[in-house]
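Please read the structure below before turning to the comments.
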Amino acid sequence: MHELSIVCSVVESVQEALRERKVERVEAVNLRVGALSGVLEDALLFSYEIATQGTLLEGSVLRIERVPVRVYCAGCEQESELASVQSFRCPRCQELTADIRSGRELEIKSIEIDEVE
Amino acid sequence: MSARIVELRQGILKKNDVLAGDLRLRFHAAGLLAVNLVSSPGAGKTTFLRGTLLELHRAGRRVAALVGDLETDNDARKLAESGAPVRQINTHGCCHLEAEMIGNHLGDWRLDDLEFLFIENVGNLVCPASFDLGEDLRVALLSVAEGEDKPLKYPTVFNSADVAMITKMDLAEACEFDRNKARANICEIRPGVRIFETSAKTGLGMAEWLDFLNSELGRRRAGAPVS
């Protein structure tokens with residue numbers, strides 16, 4: 001359960017990014033979370049409410065975009081999405097592949113704010 | 001008042017990643033090989049590491065180890081029996097090690113004098129996967145008592161590993177351990193990963209593991225990327 005510390009990092013980074021702006025309120029924070037990031041969506045959402053209390057982010061919505069794992073198959077010369085992280089095989093030819101192109105993301109994509117004019 | 005979208009595109013663990021990058025540069029400059037051991041609690045990390053430290057120390061290699069636990073310094077005392085310098089990191093509830101803790105505990109150790117630095121992570125097969133510690137090699141351990149499907153249950157850790165280490169092989173028969181099935185499951189999650197089968201108790205497989213470490217150190221010192 002390291003999601004609380006991850007959410008605390010999000011709160012810290014968002015506050016840092018908004019320091020120079022005249023923010024009325026933060027509406028939403030958008031994250032991109034890869035299927036291989038080792039982070040649970042429910043635990044992030046649960047922790048968010050606690051971590052944002054008493055901060056500029058209080059009352060804002062946390063939106064999580066799940067990023068699927070995509071692998072490249074040298075045989076097929078093609079990138080494909082994996083249906084699950086239980087098997088790293090090209091869905092076309094069933095060969096194993098270690099060439100991961102996405103799925104490890106753990107990033108803050110954007111922040112939606114109301115700014116004082 | 002106007003609604004606005006501020007694009008950030010920033011890694012959430014940026015602070016850890018930056019610190020881990022700094023550590024990696026220090027380790028490379030010193031020419032040492034850093035190895036991070038991850039596994040569930042009870043997989044045998046400490047006994048395996050004690051055996052590794054003992055053999056390397058005996059062979060005159062310059063080794064040191066950091067060991068992470070929520071509480072107690074039991075593991076540091078056990079590892080120090082090898083004769084190598086060891087420091088305990090108590091995380092007081094934190095379920096994984098972070099790069100900052102490593103930096104803080106290196107203290108006055110002269111990295112230039114070391115050839116190997118081992119980091120024994122907190123026993124946890126989930127959270128340590130997300131935290132880079134600046135290591136060259138991440139070793140995921142799996143004991144024969146845990147079941148052959150452990151890699152399928154915890155794919156993130158096994159997928160992030162450079163080496164898979166099957167431990168407690170002396171208990172394989174008693175646990176009805178199916179080594180072919182375990183190896184196939186590891187390959188399914190991390191195709192091409194290097195797999196070792198060891199027993200710190202009987203010494204099985206330890207020579208092969210030590211040869212591998214020495215050859216990786218050789219690559220590091222020659223400026224080649226480690227595998």
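In the text below, chain A, chain B and the rest are named by the order of the sequence lines, each starting its count at 1.
Between E188(B) and R89(A) there is a salt bridge, since a side-chain N of the basic residue sits under 4.0 Å from a carboxylate O of the acidic one. Between K45(B) and D75(B), none of the side-chain N atoms (NZ, or NE/NH1/NH2) sits under 4.0 Å from a carboxylate O, so this pair counts as no salt bridge. At a threshold of 4.0 Å, the pair E197(B)-R183(B) counts as salt-bridged, since one of the basic side-chain nitrogens sits closer than that to a carboxylate oxygen.
For chain B, the option among R21(A), R25(A), E27(A), R32(A) with the highest count of heavy-atom pairs below 4.5 Å is R21(A). Residue with the most contacts toward chain A among V157(B), N185(B), L152(B): L152(B) (heavy-atom pairs, distance under 4.5 Å). Here I12(B) is the residue among L8(B), V193(B), I12(B), I5(B) with the most heavy-atom pairs under 4.5 Å with chain A.
Remark: T198(B) OG1 to L141(B) CG distance equals 7.0 Å, nearest 0.5 Å. From F196(B), atom CZ reaches atom CD1 of I166(B) across 11.5 Å, with rounding to the nearest 0.5 Å.
Side chain of N124(B) to backbone of H96(B): no donor-acceptor contact under 3.5 angstrom is found. A distance-only check finds no donor-acceptor pair linking the side chain of R4(B) to the backbone of E115(A) [under 3.5 Å].
Smallest separation of non-hydrogen atoms from E81(A) and P91(A): O-CG, 3.6 Å. Among all heavy-atom pairs drawn from A99(B) and L23(B), the shortest one is O-CD1, 3.6 Å. Closest heavy-atom contact between C94(B) and M101(B): SG-CE, 4.0 Å. The shortest heavy-atom contact between P151(B) and F158(B) is CA-CD1, 3.5 Å. Residues I195(B) and C187(B) share a closest heavy-atom pair of CD1-SG, 4.2 Å. Between N159(B) and I189(B), the shortest heavy-atom distance links the atoms ND2-O, 2.9 Å.
Only the backbone of T97(A) has a heavy atom closer than 4.5 Å to any heavy atom of chain B. Heavy atoms of A129(B) lying under 4.5 Å from chain A are absent altogether. With a 4.5 angstrom heavy-atom cutoff, S87(A) touches chain B via backbone and side-chain atoms both. In this structure, chain A has no heavy atom under 4.5 Å from any part of Y154(B). Interface residue R104(A): only side-chain heavy atoms are found under 4.5 Å from chain B.
Within residues 60-72 of chain A, no residue has any heavy atom closer than 4.5 Å to a heavy atom of chain B. Of all residues spanning residues 105-114 of chain A, those with a heavy atom less than 4.5 Å away from chain B's heavy atoms are L106(A), E107(A), I108(A), K109(A), S110(A), I111(A), E112(A), I113(A), D114(A), arranged by number.
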